[in-house]
Amino acid sequence: MVSSVRILGTGQLIDLSRRMRTAGGPRLRTNFSRRVRRAAEPLHRDLQQAIRTVSLPGAGRTKRGGPSPTTRPLRATLAGGIRISVRSGASPGARVWMDKSRLPPDLKNMPWVIDDGRVRHPVFGNRRRWATQWARPTGWWTSTVYSGMPRMRVEVERILGDVRRDLE
């Protein structure tokens with residue numbers, strides 16, 4: 001699974017970054033960063049929407065069931081961990097990634113487990129009894145990234161062209 005999406009390090013971005021440092025100053029660099037962030041925001045929103053709509057059906061509750069031991073909403077917690085970072089320095093570009101530091105300790109690997117499609121966990125914290133749930137659709141991260149990358153690349157190419165024209 002692709003753990004983060006990056007558009008960076010291309011020759012055009014590095015060349016443009018050097019030219020912006022010498023010619024444009026901070027205003028042009030800030031404008032470039034803002035526009036690249038805006039190009040990455042649709043993919044960010046799509047990833048958040050994808051994790052919020054993943055279905056994790058259970059096997060059903062039995063008479064022995066009780067209230068959930070946790071009150072935090074799983075999908076909203078995972079959606080809150082998706083972030084964007086933009087750099088315009090030596091290695092310019094945008095990155096959409098899952099920030100594990102924003103997730104609770106017991107959910108650090110959950111985005112990738114759900115992306116694989118099979119979630120195996122103890123029943124209400126009981127480590128002697130385990131349950132398996134199947135995420136539908138599988139590949140919420142991978143498929144969303146692959147469908148959103150072309151749009152993001154085209155937008156960054158357009159931004160590069162605009163900034164290059166401003167520098168000339």
Side-chain angles (χ1 to χ4, degrees), residues 1-10 12-13 16 29-61 65-89 91-125 130-163:
M1 180 185 126
V2 179
S3 63
S4 68
V5 183
R6 296 179 187 189
I7 295 187
L8 55 93
T10 64
Q12 292 176 342
L13 284 174
L16 194 60
R29 215 173 15 251
T30 303
N31 185 28
F32 172 75
S33 296
R34 180 178 43 82
R35 291 181 67 194
V36 170
R37 175 176 293 279
R38 213 178 274 159
E41 283 174 354
L43 180 60
H44 180 251
R45 279 192 305 270
D46 291 348
L47 284 167
Q48 287 182 327
Q49 184 61 31
I51 190 60
R52 284 187 177 114
T53 58
V54 168
S55 173
L56 278 171
R61 299 187 88 161
S68 173
T70 178
T71 57
R72 67 176 180 256
L74 173 68
R75 291 169 195 83
T77 302
L78 296 177
I82 301 171
R83 299 191 52 198
I84 300 174
S85 60
V86 176
R87 289 176 289 177
S88 62
S91 154
R95 179 178 174 210
V96 180
W97 55 293
M98 178 62 75
D99 186 0
K100 285 185 171 186
S101 68
R102 286 186 158 190
L103 300 177
D106 59 334
L107 296 180
K108 297 275 187 218
N109 292 323
M110 189 58 72
W112 296 276
V113 170
I114 292 175
D115 192 60
D116 291 340
R118 180 175 178 241
V119 180
R120 187 156 164 76
H121 60 90
V123 177
F124 295 110
W130 288 74
T132 301
Q133 291 179 271
W134 298 94
R136 301 286 181 248
T138 60
W140 70 273
W141 179 275
T142 310
S143 61
T144 306
V145 164
Y146 286 133
S147 66
M149 282 296 289
R151 177 180 59 194
M152 194 170 159
R153 283 190 201 280
V154 166
E155 185 64 22
V156 169
E157 293 279 333
R158 190 175 65 76
I159 293 167
L160 288 173
D162 291 349
V163 173

For A40, all residues meeting side chain to side chain contact (heavy atoms under 4.5 Å, CB included), sequence neighbours excluded | I84, A94, V96, M152
Set of residues satisfying side chain to side chain contact (heavy atoms under 4.5 Å, CB included) with respect to S33, sequence neighbours excluded = V86, S88
Are the side chains of [X] and [Y] in touch, meaning some heavy atoms are under 4.5 Å apart?
X: R118; Y: V113; answer: no
X: V54; Y: R136; answer: no
X: L47; Y: W140; answer: yes
X: P57; Y: W134; answer: no
X: I159; Y: F32; answer: yes
X: T138; Y: D116; answer: no
X: D46; Y: S147; answer: no

Residue pair I114, W141: steps toward the side chain to side chain contact (heavy atoms under 4.5 Å, CB included) verdict | CA-CA 9 Å; I114 292 175; W141 179 275; over 6 Å; no
Would a distance-only check, ignoring hydrogens and angles, find a side-chain to backbone donor-acceptor pair under 3.5 Å from K108 to L103?
-> yes
Hey, does the side chain of Q133 reach the backbone of V119 with a donor-acceptor pair shorter than 3.5 angstrom?
-> no
About how many Å separate [atom2] of [Y] and [atom1] of [X], when rounded to the nearest 0.5 Å?
X: I51; Y: I82; atom1: CD1; atom2: CD1; result: 7.0 Å
X: R75; Y: R52; atom1: CZ; atom2: CZ; result: 11.5 Å
X: L43; Y: R151; atom1: CG; atom2: CZ; result: 7.0 Å
X: H44; Y: Q49; atom1: NE2; atom2: CD; result: 12.5 Å
X: L56; Y: H121; atom1: CG; atom2: NE2; result: 8.0 Å
X: L107; Y: R102; atom1: CG; atom2: CZ; result: 15.0 Å

List the steps and the verdict of side-chain hydrogen bond (donor to acceptor under 3.5 Å, both in side chains) for T132 and R120.
-> CA-CA 4 Å; T132 301; R120 187 156 164 76; 3.3 Å; yes
Give a yes or no on whether a salt bridge exists between E155 and R158, defined as a side-chain N under 4.0 angstrom from a carboxylate O.
-> yes
Apply the test side-chain hydrogen bond (donor to acceptor under 3.5 Å, both in side chains) to residues T142 and D115: give CA-CA distance (whole Å), side-chain angles for both, the deciding distance (0.1 Å), then the verdict.
-> CA-CA 7 Å; T142 310; D115 192 60; 2.8 Å; yes
